[in-house]
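Just so you know, these numbers come straight off a predicted model, no measurement behind them. This chain uses plain numbering: 1 for the first residue, then up along the sequence.
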Amino acid sequence: MAEERIKIIAENRKARHDYTIFETFEAGIALTGTEVKSLRAGKANMKDSYAQITKKAEVFVYQLHISPYDHGNIFNHDPLRNRRLLLHRAEINKLIGKVKEKGYALVPLKIYFKHGLVKLELALAVGKKNYDKRQDLAKKDAKREMERALKERNR
């Protein structure tokens, strides 16, 4: 079986802190040539990005910053333009139902190259409350302390 060649370009680490993630989807992105070249150079920022479903049942990602290509010309792209995500119709219908019914948000988690194609990992998520974030941090600290204690004991 062939190994999957994945090169991560950018990751939205804050999303896992701010949201409870229920399901993830892999989506392609409709890009221009200079955007792909800029991504190959690793120039993307997903900090404030989010995705939404339009009335025409298309999924777009907003506020995904892809820096203009250094060696581009007048045909360089707009860094913050809205980009269409390429998903199967069944996946889009599933997302429409979840987002309308339960108030889920669509959050981009990471953007990466897979077999030479640009992919975006999209999550179906619900925003965490402050007390949820504190509980997660407490669990993480407790786990770290346990591992540290086990290491000390095994020495």
Using side chain to side chain donor-acceptor pair (under 3.5 Å) as the criterion, list what pairs up with Lys14, not counting sequence neighbours.
->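 Once residues adjacent in sequence are excluded, Lys14 has no partner under the side chain to side chain donor-acceptor pair (under 3.5 Å) criterion.
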
Connecting only ILVMFWY residues whose side-chain heavy atoms lie within less than 4.5 Å of each other, what is the rest of [X]'s hydrophobic cluster?
{"X": "Ile8", "value": "Ile6, Tyr112"}
{"X": "Leu150", "value": "none"}
{"X": "Tyr62", "value": "Tyr50, Phe60"}

Taking all heavy atoms of [X] and all of [Y], pick out the closest pair and write down the distance.
{"X": "Ala44", "Y": "Ala10", "answer": "O-CB, 3.8 Å"}
{"X": "Ile92", "Y": "Ala57", "answer": "CG2-O, 3.6 Å"}
{"X": "Ala105", "Y": "Tyr19", "answer": "CB-CE2, 4.4 Å"}
{"X": "His65", "Y": "Ser67", "answer": "CE1-OG, 3.4 Å"}

Salt bridge (charged side-chain N to carboxylate O under 4.0 Å, His left out) partners for [X], two or more places apart:
{"X": "Arg134", "result": "none"}
{"X": "Lys43", "result": "Asp70"}
{"X": "Lys133", "result": "Asp18"}

Can you list every side-chain hydrogen bond (donor to acceptor under 3.5 Å, both in side chains) pair that touches residues 136-151, not counting sequence neighbours?
->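 Only Lys128-Asp136, Asp141-Arg144, Glu145-Arg148 qualify under side-chain hydrogen bond (donor to acceptor under 3.5 Å, both in side chains).
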
Side chains of [X] and [Y], heavy atoms from C-beta outward: is any pair under 4.5 Å?
{"X": "Leu120", "Y": "Leu85", "value": "yes"}
{"X": "Val126", "Y": "Ile21", "value": "no"}
{"X": "Leu31", "Y": "Leu39", "value": "yes"}
{"X": "Leu95", "Y": "Leu87", "value": "yes"}
{"X": "His115", "Y": "Arg5", "value": "yes"}

Cationic tip of Arg40 within the cone over Phe113's six-membered ring, i.e. under 6.0 Å and within 45° of the normal?
->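 Output yes; distance and angle both within limits.
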
Salt bridge (charged side-chain N to carboxylate O under 4.0 Å, His left out): which pairs involve residues 102-120, sequence neighbours left out?
->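 For residues 102-120, and leaving out neighbouring residues, the salt bridge (charged side-chain N to carboxylate O under 4.0 Å, His left out) pairs sorted by first residue read Glu4-Lys114, Glu26-Lys114, Lys110-Glu121.
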
Which residue pairs satisfy the salt bridge (charged side-chain N to carboxylate O under 4.0 Å, His left out) criterion with at least one member in residues 47-69, sequence neighbours excluded?
->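 Residue pairs passing salt bridge (charged side-chain N to carboxylate O under 4.0 Å, His left out), neighbours aside: Glu58-Arg84.
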
Is it possible for you to say whether [X] and [Y] belong to one hydrophobic cluster, with membership spreading through side-chain heavy-atom contacts below 4.5 Å?
{"X": "Val59", "Y": "Val107", "answer": "no"}
{"X": "Leu64", "Y": "Leu106", "answer": "yes"}
{"X": "Leu109", "Y": "Val61", "answer": "no"}

State whether the side chain of Arg81 and the backbone N or O of Pro79 hold a donor-acceptor pair below 3.5 Å, judged by distance alone.
->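 No, Arg81 side chain to Pro79 backbone: no donor-acceptor pair under 3.5 Å.
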
With distance as the sole test, does Ser38 use its side chain to make a donor-acceptor pair with the main-chain N or O of Glu35 at under 3.5 Å?
->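 No; zero donor-acceptor contacts below 3.5 Å.
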
Hey, could you give me each pair passing ring pair (Phe, Tyr, Trp, His ring centres under 6.0 Å) that has a residue in residues 79-104? Not counting sequence neighbours.
->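 For residues 79-104, and leaving out neighbouring residues, the ring pair (Phe, Tyr, Trp, His ring centres under 6.0 Å) pairs sorted by first residue read Phe22-Tyr104.
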
So Leu124 and Thr24, side-chain contact (heavy atoms from CB on, under 4.5 Å) or not? Walk me through it.
-> CA-CA 6 Å; Leu124 199 57; Thr24 60; over 6 Å; no

Would you please name every residue forming a ring-ring contact (aromatic ring centres under 6.0 Å, His included) with Phe25, sequence neighbours left out?
->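 Residues passing ring-ring contact (aromatic ring centres under 6.0 Å, His included) with Phe25: none at all.
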
